[in-house]
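Report on one structure; see the data block that follows.
Convention: sequence-line order gives letters A, B, ...; per-chain numbering from 1.
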There are 2 protein chains.
Amino acid sequence: MKIVTIKDIAKVTGFSPSTISRVIANNSRISEETKQKVRAVMDELGYHPNLTARNLVVQSTKTIGVIMPSSADKSLQNPFFTEVLRGIGSYFHQKQFSMLLSSGQTEEEKFKEIERMVLGKYVDGIILLYSRLNDSVVDFLKEKNFPFVMVGKPSEYKDEIVHVDNDNIKAGKDITEHLLENGHKRISFIGGAADLVVTIDRQKGYETALKEAGIPVSEEYIIHTEFLKSGGREAVEQILELKVKPDAIVVSDDLISVGVISMLEEYGLKVPEHISLVSFNNIYFSEIIHPALTTVDIQIYRLGVESAKAIIQICTNQVLNEKRIIIPHCIAYRNSVKVIK
Amino acid sequence: MKIVTIKDIAKVTGFSPSTISRVIANNSRISEETKQKVRAVMDELGYHPNLTARNLVVQSTKTIGVIMPSSADKSLQNPFFTEVLRGIGSYFHQKQFSMLLSSGQTEEEKFKEIERMVLGKYVDGIILLYSRLNDSVVDFLKEKNFPFVMVGKPSEYKDEIVHVDNDNIKAGKDITEHLLENGHKRISFIGGAADLVVTIDRQKGYETALKEAGIPVSEEYIIHTEFLKSGGREAVEQILELKVKPDAIVVSDDLISVGVISMLEEYGLKVPEHISLVSFNNIYFSEIIHPALTTVDIQIYRLGVESAKAIIQICTNQVLNEKRIIIPHCIAYRNSVKVIK
DNA sequence: CTGTTAGCGCGTTCAA
DNA sequence: TTGAACGCGCTAACAG
């Protein structure tokens, strides 16, 4: 299959390559007549611009690297990611941008890969889909002064790094207060990985709500677990060993909730009859499992859209009003909370 | 930030650009001594090869377009996708390949995008993460003779299209037989989108198992639904309206199972006490929900790895022994099946 | 409105 | 073992 280039079109039409190029760009200084002619020949010969060649000369790829947690991380299974990806994709598509997905299994592999993308100028910008404590990737990007935005709150340099986030502290407070308002007094917190900023913030909100309600925050009531089944088990077992058992739990992520609920059931505790439970994210699952989860809807899709919008703005040198873009949350009230009067 | 190119290194070291290029390629005809020198200067100046420039000259990008269902499709929420992506990524990483993710919301957008990737020579190959009936994308790729592999079984041209698949007919048969062996006689089938080849195959297996057991296949017992909640509801309602209610259900996808189980519970039917249920995929969830699902483990991760391996083989002109690559399945026995003696 | 010229940064002949 | 020259396919100055 012969490759059709701009030159071929030039030859056939009798115009110069630059004219052809202008037709492609739909340059206004080209007469409609020539445009017609040129386009006809393009169709005929099946011409299509070579993106790589164009990228080389314009020094831009219109491609953004989208970085997920390293794939060894269990949290990758979280439907959260496909949902942000959907959001990002929808905006990218309309702006004709592409997403290059990271694939590293370990932190180190991921780092190498990002280095390759960035230093090799294979992407114009980066979207980080998570925020961790002491992330070398962030340091690297900052040092290189490379355009990037983060979904979630940076652990450092909050007013230098553009990020799209929920007010997770507020969200944690809101959902805990919902429990309080429904008469719950002994509220436990089960969080995911403790080095995730999002976990920290939600926990902070939980603590704030308790304090404001005059309820002391007890260390025993706060548990950290992984996304693994055994983790869910341990968390539940820890709770069951408490002298005074909680009447409600705030879980930092819907996915963990699923495990926790099923563990509780195994120990004969039903949600919400015996114990109430709320969590965060409002992934598709939280609505279809039994009981349907009362959870904070953080609008994952919008997080994706806005981060896409932000990175494209940065890459196209538009002004960005704010470093911190907050997506509002709301509570999806469902059936995992019992009303204690 | 000044861009460091091969020429800069050439200037500083006193060698010619072509020598530098050879050092990068680690060409054996360059003396170790010069290599050392050149590399030292590269480090010093912070040189990194420009991937776009390289891609242009070698006429290859070492990136593969990975195509998901259009993002309007609810099935995208299925953790299946992140899991294949993990598999693909792990192999790509080790071969230094990149993944370009599709983002189209509608079928048409997706088609346009693929056209752009392919015609614009922005990718060396394509992996299709689904298989539908009458897919124009497949026709396009076939017609252009563009390298691609499919995860799942093609609806047409089975022995022309390279694809990585499970033996879903066998899987459907196996899991149905498991039900049969446990004493179930009235077995219903709930399938996802009816134009997905995978649904069709699993149903075929279900029917085969029934026939071989001498049980007539009843149209009433076969229901198709979407991934939506309402769909799950309708499916369950249809089942409950049956004069003779089934004692077990084969569901074509774990994600649908979740909805079905929760609907059943809403109607007072517990799994497996009142009705047994089995399904397919063995996503992370199926293990942590209650009851833990007895499901066909199709090894999603491996599907990803093998499809990655295949597309890279094709793109690097290696010989591929088989068009059809089958990933073996096995049954993960858990707690959603009751034994009727 | 259109053509000429010059690169973008790199790999690869061919010659030395 | 190294260098000069060319070209990948395209855009963008500068001319006219």
Side-chain angles (χ1 to χ4, degrees), chain A residues 1-39 41-42 45-63 96 116-124, chain B residues 1-39 41-42 45-63 96 116-124:
Chain A
M1 190 172 80
K2 171 77 177 72
I3 295 169
V4 184
T5 77
I6 244 179
K7 283 184 194 162
D8 299 319
I9 311 286
K11 285 243 172 66
V12 176
T13 56
F15 290 106
S16 79
S18 45
T19 299
I20 312 299
S21 176
R22 288 182 184 115
V23 173
I24 295 168
N26 202 13
N27 190 312
S28 57
R29 303 182 313 184
I30 301 287
S31 77
E32 270 310 317
E33 205 190 322
T34 21
K35 279 185 185 174
Q36 301 293 331
K37 276 189 208 157
V38 171
R39 286 191 184 126
V41 176
M42 280 177 172
L45 302 195
Y47 170 81
H48 238 262
N50 181 308
L51 298 178
T52 304
R54 168 182 296 166
N55 289 348
L56 179 60
V57 40
V58 300
Q59 301 278 45
S60 140
T61 58
K62 293 188 76 168
T63 303
Q96 298 247 50
R116 215 178 94 92
M117 290 184 193
V118 169
L119 269 11
K121 292 177 187 49
Y122 206 42
V123 294
D124 290 352
Chain B
M1 189 173 86
K2 170 79 179 72
I3 295 168
V4 185
T5 77
I6 247 179
K7 282 183 193 162
D8 299 316
I9 310 286
K11 286 242 171 66
V12 177
T13 57
F15 290 107
S16 79
S18 40
T19 300
I20 312 299
S21 176
R22 289 183 183 114
V23 173
I24 295 169
N26 201 13
N27 190 312
S28 57
R29 303 183 313 184
I30 301 288
S31 75
E32 270 310 316
E33 205 188 324
T34 31
K35 280 186 186 174
Q36 301 292 333
K37 276 188 209 159
V38 171
R39 288 193 182 123
V41 177
M42 280 177 171
L45 302 197
Y47 169 81
H48 238 261
N50 182 308
L51 298 178
T52 304
R54 169 181 295 167
N55 289 348
L56 179 59
V57 39
V58 301
Q59 301 279 44
S60 142
T61 58
K62 292 188 77 167
T63 87
Q96 299 246 50
R116 215 178 95 92
M117 291 185 191
V118 170
L119 268 12
K121 292 176 187 50
Y122 206 43
V123 295
D124 290 353

- Picking from C:dG3, C:dG9, D:dT2, which would you name as closest to the side chain of B:I3? C:dG9
- Message: Expressed as a whole number of angstroms, how long is the span from B:F15:CZ to C:dC10:C1'?
- Response: 19 Å
- Task: Start with the C-alpha distance between A:K62 and A:L51, add both sets of side-chain angles, then the distance that settles side-chain contact (heavy atoms from CB on, under 4.5 Å), and finish with yes or no.
- Result: CA-CA 10 Å; A:K62 293 188 76 168; A:L51 298 178; over 6 Å; no
- Message: Using a 4.0 Å heavy-atom cut-off, does A:S18 contact any base of the nucleic acid, only the sugar-phosphate backbone, or nothing at all?
- Response: base
- Proximity to the side chain of A:R22 - top-ranked nucleotide from D:dA13, C:dG11, D:dT2: D:dA13
- Atom CD1 of B:I9 and atom P of C:dG11: how far apart are they, to the nearest Å? 13 Å
- Message: Tell me whether the side-chain N/O atoms of A:K7 come closer than 4.0 Å to OP1 or OP2 in D:dC8.
- Response: yes
- Item | B:A53 side-chain proximity, nearest of C:dG9, C:dT12, D:dC10 | C:dG9
- Message: Considering every strand and a 4.0 Å limit on heavy-atom distances, what is the contact class for B:P49: base, sugar-phosphate, or nothing?
- Response: sugar-phosphate
- Item | Most 5' of B:T34 and A:V4 on DNA chain D, judged by nearest nucleotide | B:T34
- Query: Below 4.0 angstrom from OP1 or OP2 of D:dC10, is there any side-chain N or O of A:Y47?
  - Reply: yes
- Atom-to-atom span, CG of B:N50 to C1' of C:dG9 - whole angstrom: 6 Å
- Query: Are B:V23 and B:R39 close enough that some pair of their side-chain heavy atoms sits under 4.5 Å apart?
  - Reply: yes
- Message: Using a heavy-atom cut-off of 4.0 Å across all strands, would you classify B:T52 as base, sugar-phosphate, or nothing?
- Response: nothing
- Query: Are side-chain heavy atoms of B:L45 and B:I9 found at a separation under 4.5 Å?
  - Reply: yes
- What nucleotide among C:dT4, C:dG9, D:dT11 has an atom nearest to a side-chain atom of A:S16? C:dT4
- Note on the structure: When every non-hydrogen atom of A:T13 is compared with those of A:K37, the smallest separation belongs to CG2-O, 4.5 Å
- Nearest-angstrom distance from the residue atom CD1 of B:I24 to P of C:dG9: 13 Å
- Task: Pick base, sugar-phosphate or nothing for A:S31, based on heavy-atom distances below 4.0 Å to the nucleic acid.
- Result: sugar-phosphate
- Task: Round to the nearest Å and state the distance from A:L56 atom CG to C:dC10 atom P.
- Result: 9 Å
- For the pair B:T63 (side chain) and B:Y122 (backbone), establish whether a donor and an acceptor sit closer than 3.5 Å, ignoring hydrogens and angles. yes
- Item | N/O (side chain, B:Q59) to phosphate O (OP1/OP2, C:dG11) under 4.0 Å | no
- Starting at CG of A:L119 and ending at P of C:dG9, how long is that distance when rounded to a whole Å? 15 Å
- Task: Classify the nucleic acid contact of B:G14 as base, sugar-phosphate or nothing, counting any heavy atom under 4.0 Å across all strands shown.
- Result: sugar-phosphate
- Message: Can you identify which nucleotide, out of C:dT12, D:dC10, D:dT2, has its nearest atom closest to the B:S21 side chain?
- Response: C:dT12
- Message: By nearest atom, which of the nucleotides D:dC10, D:dG3, C:dG11 is closest to the B:I6 side chain?
- Response: C:dG11
- Item | 5′-ward residue of the pair A:V58/B:R29 relative to DNA chain C | A:V58
- Message: Has A:K35 got a side-chain atom pairing as donor or acceptor with A:N27's backbone, closer than 3.5 angstrom?
- Response: yes
- Message: Without decimals, in angstroms, what is the distance between B:D8 CG and C:dG9 P?
- Response: 9 Å
- Atom CZ of A:R54 and atom C1' of D:dC10: how far apart are they, to the nearest Å? 8 Å
